[in-house]
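Order of the sequence lines fixes the chain letters, A, B, ..., with proteins taken first and strands second; residue numbering starts at 1 for each chain.
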2 protein chains.
Amino acid sequence: MSFGPETIIQGDCIEAMNALPEKSVDLIFADPPYNLQLGGDLLRPDNSKVDAVDDHWDQFESFAAYDKFTREWLKAARRVLKDDGAIWVIGSYHNIFRVGVAVQDLGFWILNDVIWRKTNPMPNFKGTRFANAHETLIWASKSQNAKRYTFNYDALKMANDEVQMRSDWTIPLCTGEERIKGADGSKAHPTQKPEALLYRVILSTTKPGDVILDPFFGVGTTGAAAKRLGRKFIGIEREAEYIEHARTRIAQVTPIAPQDLEMTGSKRAEPRVPFGVIVENGLLHPGDTLYCAKGAHAAKVRPDGSIAVGDLTGSIHKIGAMVQSAPACNGWTYWHFKTDAGLAPIDVLRAQVRAAMPHA
Amino acid sequence: MSFGPETIIQGDCIEAMNALPEKSVDLIFADPPYNLQLGGDLLRPDNSKVDAVDDHWDQFESFAAYDKFTREWLKAARRVLKDDGAIWVIGSYHNIFRVGVAVQDLGFWILNDVIWRKTNPMPNFKGTRFANAHETLIWASKSQNAKRYTFNYDALKMANDEVQMRSDWTIPLCTGEERIKGADGSKAHPTQKPEALLYRVILSTTKPGDVILDPFFGVGTTGAAAKRLGRKFIGIEREAEYIEHARTRIAQVTPIAPQDLEMTGSKRAEPRVPFGVIVENGLLHPGDTLYCAKGAHAAKVRPDGSIAVGDLTGSIHKIGAMVQSAPACNGWTYWHFKTDAGLAPIDVLRAQVRAAMPHA
DNA sequence: TGAACTGCTGAATCAGATA
DNA sequence: GTATCTGATTCAGCAGTTC
């Protein structure tokens, strides 16, 4: 089954997800409710004789109900997720611990917890606690064995001034223009997330064209960011009013042109060039000598693309590791050849071969 | 019962806590095993081996076994805690969700989760995830009705440059001189916490003279910080070797008057504003064109904050240097974007983002 | 004397394709 | 499923040495 680029479903998210085909979505982003409905039931103002056991029981019942709900929607979510897909869940200390345990118990494998560090949080007015200045996101693959989840490491590193992206993200709250307002000017949704947060989630863990499912769609931040970034989305939401806001909002989003979606790619994704091809193409010749950067080691190129140091023969990687007594070695950067300007890594020859290859 | 100012008990923490009188301590700080589940060896890019936490005390058979252990020590801890006392537990995503659920289920009432944001975390060497740059602390009172927990609001605010203390704390790792070393110069304990972290915990949630219990005492960071701040402590630790280090260490601590205490690490590290954030926040869009001041060079913005001039892609700084054939370039001042009033340097956009982040 | 440089290290669930 | 091979991958801070 393939989805249209924009799907919004009104209804209960568990039923709606169970109606979707299994293993059909690439990423799930979920911002579940965390109204534990505590306080009212548990507060006993008379305070005359608080039975501690009863207190715990009440609390347990309430937490148990939330846990049951959490496990049910997570289970439904896991069914529709592709085996190489991943899930994000956002929450606060009220619910995130319970969500995290359910995520782990259902077989997801946590990859990171990520902190959304708010630049402009609401202060704690009473001065009774630390200002609650962050929320927590859990990023998990479908299972421990699912090693092929999407992570655009190089693009994220580029987006962070060429330093690898950390697990704490500093992003402002959703305010001002971006905040969706109702007819009376009041905020349309109590917990609208900033689009910058979703931008980073989607940029880091999906590819263009991927299908993103949001079971608690609200006013459609996930949909807006997905559309902007050329991803498909499925949003599920119970409240007709939120859906109305979401539709209006998403209709106004202009997608980035496909050719402008291109980002810094991974070296791992580049086509493999065996060292033998360098020799085959005459960029090096059998009998030529390779050197390590300091010239301490020298190796001879052989016709089949292996190299020799004394009696030792093998691949550029193996021999490189052996002469250094290292557990591993990248021969492309370790070995150099002589040029007029001095030693140059053989990786430049590989780059020449790749440049001459037809674009895929 | 009253305790001496410094008590260290060797033994199992659950048995030792059960031997203490109930409702006798003011604060508990616990740094339990994290239940890391590591694969094989991890090599850095330079082929050196990461010194992993592979100690026997961190090994558990299953989540269920870890949960059982967690509930048992938390239950024992709750018994010895005064009704107006509080508990801190620190952990990572491997264990903190399970700890948090146990804390809630046992009747504690979470007041905050606090993020220890590390200035100098270990990077992710393989480029597979976000750098794991934080740990999470849970701060909880003994029960929901226990409103009289200690929180030194004004002192904390003062120590934080007159701004309310937030739930994310930026503090460096414990390294250098502070790190306790064994006879052979290697680290005495694999997970020693920075004293600055304990200062802040103790300063914010205890009064001078309070009794602080640490059931996983290790090399005694809690004891050292408690003594320095004029609090009593009880440390429980199984390993005789750790206790030996702790005693030596704590003996060298000179208590200081709280008013003389300078909050360590309270200066907020000003996060850089990477160019990717400008795009993320929609101040520029993928596909937009940047120009040098004279308009001779043009570059296209990409979704990850890299830019492209023809086939060349890279950061604003790198590409700026390349088009000028210069060794280096400040991309913020070199590249401009079109406005109604002509070209403006992209640095004005960075200023806008910074202005929107008063507490970044 | 100081700047520059080299080396080491920190709670880490850390690769991917092919045979 | 396992075994083998290619070859990609790090940031901040401290200590010790060199220039």
Undergrad: From dA11(C), dG7(D), dT6(D), pick the nucleotide closest to the side chain of Ser315(A)?
TA: dT6(D)
Undergrad: CZ of Arg354(A): more than 12 outside heavy atoms within 6.0 angstrom?
TA: yes
Undergrad: So, OP1 or OP2 of dG10(C): does either fall under 4.0 Å of a side-chain N or O from Asn120(B)?
TA: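 No, Asn120(B) has no side-chain N/O under 4.0 Å of OP1/OP2 on dG10(C).
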Undergrad: In this structure, how many angstroms lie between the C1' atom of dT9(C) and the CG atom of Leu43(B), rounded?
TA: 15 Å
Undergrad: Please work out if Cys174(B) contacts a base, only the sugar-phosphate, or nothing of the nucleic acid, heavy-atom cut-off 4.0 Å.
TA: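 Nothing, no nucleic acid heavy atom in range.
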Undergrad: Whole Å only: how far is the CZ atom of Arg179(B) from the P atom of dA15(D)?
TA: 14 Å
Undergrad: Base, sugar-phosphate, or nothing for Asp31(B), non-hydrogen atoms under 4.0 angstrom?
TA: base
Undergrad: Determine which nucleotide pairs with dT10(D), using a 3.5 Å limit on both distances of a Watson-Crick or G-U wobble pair.
TA: none
Undergrad: Atom CG of Asp347(A) to atom P of dA8(D): distance rounded to whole Å?
TA: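 It works out to 7 Å between those atoms.
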Undergrad: When you measure from the side-chain N and O atoms of Lys318(A) to the phosphate of dT4(D), is any distance below 4.0 Å, counting only OP1 and OP2?
TA: no
Undergrad: Indicate whether OP1 or OP2 belonging to dG7(D) is found under 4.0 Å from a side-chain N or O atom of His317(A).
TA: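 Answer yes for this pair, as a side-chain N or O of His317(A) is under 4.0 Å from OP1 or OP2.
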Undergrad: Lys193(B) near the nucleic acid: base, sugar-phosphate alone, or nothing, with a heavy-atom cut-off under 4.0 Å?
TA: base
Undergrad: Map Gly331(A) and Val163(A) onto DNA chain D by nearest heavy atom, then report which one ends up closer to the 5' terminus.
TA: Gly331(A)
Undergrad: Quick one: which of dA8(D), dG10(C), dA11(C) gets closest to the side chain of Asp58(B)?
TA: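 Of dA8(D), dG10(C), dA11(C), dA11(C) is nearest to the side chain of Asp58(B).
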Undergrad: Hey, is NZ on Lys318(A) packed in by over 12 heavy atoms from elsewhere, all under 6.0 Å?
TA: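 No, the 6.0 Å shell around NZ holds no more than 12 heavy atoms from other groups.
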Undergrad: Counting only heavy atoms not in Lys126(B) (residues, nucleotides, ligands), do more than 12 fall under 6.0 Å from its NZ?
TA: yes
Undergrad: Can you measure Ile346(A) atom CD1 to dT6(D) atom C1' for me and round it to whole angstrom units?
TA: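 So the two atoms are 13 Å apart, to the nearest Å.
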Undergrad: Taking any heavy-atom pair under 4.0 Å as a contact, classify Arg350(A): base, sugar-phosphate, or nothing.
TA: sugar-phosphate
Undergrad: Heavy-atom nearest nucleotide on DNA chain C for Arg268(A) versus His189(B): which residue maps closer to 5'?
TA: His189(B)
Undergrad: Test Arg166(A) against Asp168(A) for salt bridge (charged side-chain N to carboxylate O under 4.0 Å, His left out), laying out the working first.
TA: CA-CA 5 Å; Arg166(A) 301 162 41 111; Asp168(A) 58 302; 2.7 Å; yes
Undergrad: Rounded to whole angstrom units, what separation is found between the NZ atom of Lys118(B) and the P atom of dG13(D)?
TA: 14 Å
Undergrad: Round to the nearest Å and state the distance from Asp41(B) atom CG to dT9(D) atom C1'.
TA: 16 Å
Undergrad: Assert yes or no for the condition that the ring centre distance of His189(B) to Tyr242(B) is strictly below 6.0 Å.
TA: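 Ring centres of Tyr242(B) and His189(B) closer than 6.0 Å.
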Undergrad: Among dA11(C), dC14(C), dT9(D), which nucleotide sits nearest the side chain of Arg129(B)?
TA: dC14(C)
Undergrad: May I ask you to decide if the ring planes of Phe217(B) and Phe233(B) are parallel, tilted or perpendicular, using 30° and 60° as cut-offs?
TA: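 Rings of Phe217(B) and Phe233(B): parallel, as their planes differ by under 30°.
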Undergrad: For Pro32(B), which contact category applies under a 4.0 Å heavy-atom criterion: base, sugar-phosphate, or nothing?
TA: base
Undergrad: Using both distances under 3.5 Å as the test, list the Watson-Crick or G-U wobble partner of dT2(D), or none.
TA: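 Because both required distances fall under 3.5 Å, dT2(D) counts as paired with dA19(C).
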Undergrad: Quick check for you: among dT10(D), dA17(C), dG13(D), whose closest atom lies nearest to any side-chain atom of Arg148(A)?
TA: dA17(C)
Undergrad: Is a donor-acceptor pair below 3.5 Å formed from side chain Arg272(A) to base dG16(C), judging by atom type as modelled?
TA: no
Undergrad: Using atom C1' in both nucleotides, what's the gap between dT17(D) and dT1(C) to the nearest angstrom?
TA: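 Rounded to whole Å, the distance is 15 Å.
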Undergrad: Need the pair for dA11(C). Rule: Watson-Crick or G-U wobble, both distances under 3.5 Å, any strand; none if unpaired.
TA: none
Undergrad: Once you apply a heavy-atom cut-off of 4.0 Å, does Gly314(A) come out as touching a base, just sugar-phosphate, or nothing?
TA: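 No contact.
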Undergrad: Starting from C1' on dT9(D), measure out to CG on Asn330(A) and report it in whole angstrom.
TA: 10 Å
Undergrad: Which nucleotide, in any strand shown, forms a Watson-Crick or G-U wobble pair with dA4(C), with both distances under 3.5 Å?
TA: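 Partner of dA4(C): dT17(D).
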Undergrad: Given dG7(D), dC14(C), dA12(D), identify the nucleotide with an atom nearest to the side chain of Asn124(B).
TA: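 It is dC14(C).
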Undergrad: Would the distance check show the side chain of His336(A) and the main-chain N or O of Tyr334(A) forming a donor-acceptor pair, the cut-off being under 3.5 Å?
TA: yes
Undergrad: On DNA chain D, does the nearest nucleotide to Pro123(B) precede the nearest nucleotide to Ile316(A) from the 5' side, or the other way round? Give the residue.
TA: Ile316(A)
Undergrad: Reckon Ala131(B) touches a base, only the sugar-phosphate, or nothing at all at heavy-atom distances under 4.0 Å?
TA: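 The residue Ala131(B) makes no contact with any strand.
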Undergrad: Evaluate whether atom CD of Glu239(B) has more than 12 neighbouring non-hydrogen atoms of other residues, nucleotides or ligands under 6.0 angstrom away.
TA: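 Enclosed.
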Undergrad: Looking at every strand, decide which applies to Glu177(B) at a 4.0 Å heavy-atom threshold: base, sugar-phosphate, or nothing.
TA: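 The residue Glu177(B) makes sugar-phosphate contact but no base contact.
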Undergrad: Let me know the distance between CG of Asn145(A) and C1' of dT2(D), rounded to the nearest Å.
TA: 14 Å
Undergrad: Taking any heavy-atom pair under 4.0 Å as a contact, classify Pro121(B): base, sugar-phosphate, or nothing.
TA: base
Undergrad: Quick check for you: among dG7(D), dT10(D), dA12(C), whose closest atom lies nearest to any side-chain atom of Leu42(B)?
TA: dA12(C)
Undergrad: Could you check which of dA12(D), dG7(D), dA11(C) has an atom nearest any side-chain atom of Leu173(B)?
TA: dA11(C)
Undergrad: Please state the C1' separation for the pair dT10(D) and dT9(C) - nearest whole angstrom.
TA: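 About 12 Å, rounded to a whole number of Å.
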Undergrad: Let's see if you can work this out: which of dA12(D), dG7(D), dC11(D) has an atom nearest to the side-chain heavy atoms of Ala328(A)?
TA: dG7(D)
Undergrad: For Ser92(B), report the nucleic acid contact type (base, sugar-phosphate, nothing); a contact means any heavy atom under 4.0 Å.
TA: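 If one applies the 4.0 Å heavy-atom cut-off, Ser92(B) turns out to touch nothing in the nucleic acid.
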Undergrad: Can you figure out which of dA12(D), dA11(C), dA15(D) approaches the side chain of Glu135(B) most closely?
TA: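 Shortest atom-to-atom distance from the side chain points to dA11(C).
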Undergrad: Of the listed nucleotides (dG10(C), dG7(D), dA11(C)), which one gets closest to any side-chain atom of Lys187(B)?
TA: dG10(C)
Undergrad: How far, in whole Å, is dC14(C) from dG7(D) if one measures between their P atoms?
TA: 23 Å
Undergrad: For a quick test of reading the model: is some side-chain N or O of Tyr149(A) closer than 4.0 Å to OP1 or OP2 of dG16(C)?
TA: no
Undergrad: Could you tell me whether Glu241(B) atom CD has more than 12 heavy atoms of other residues or ligands within 6.0 Å of it?
TA: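 It does not: Glu241(B) CD has 12 such atoms or fewer within range.
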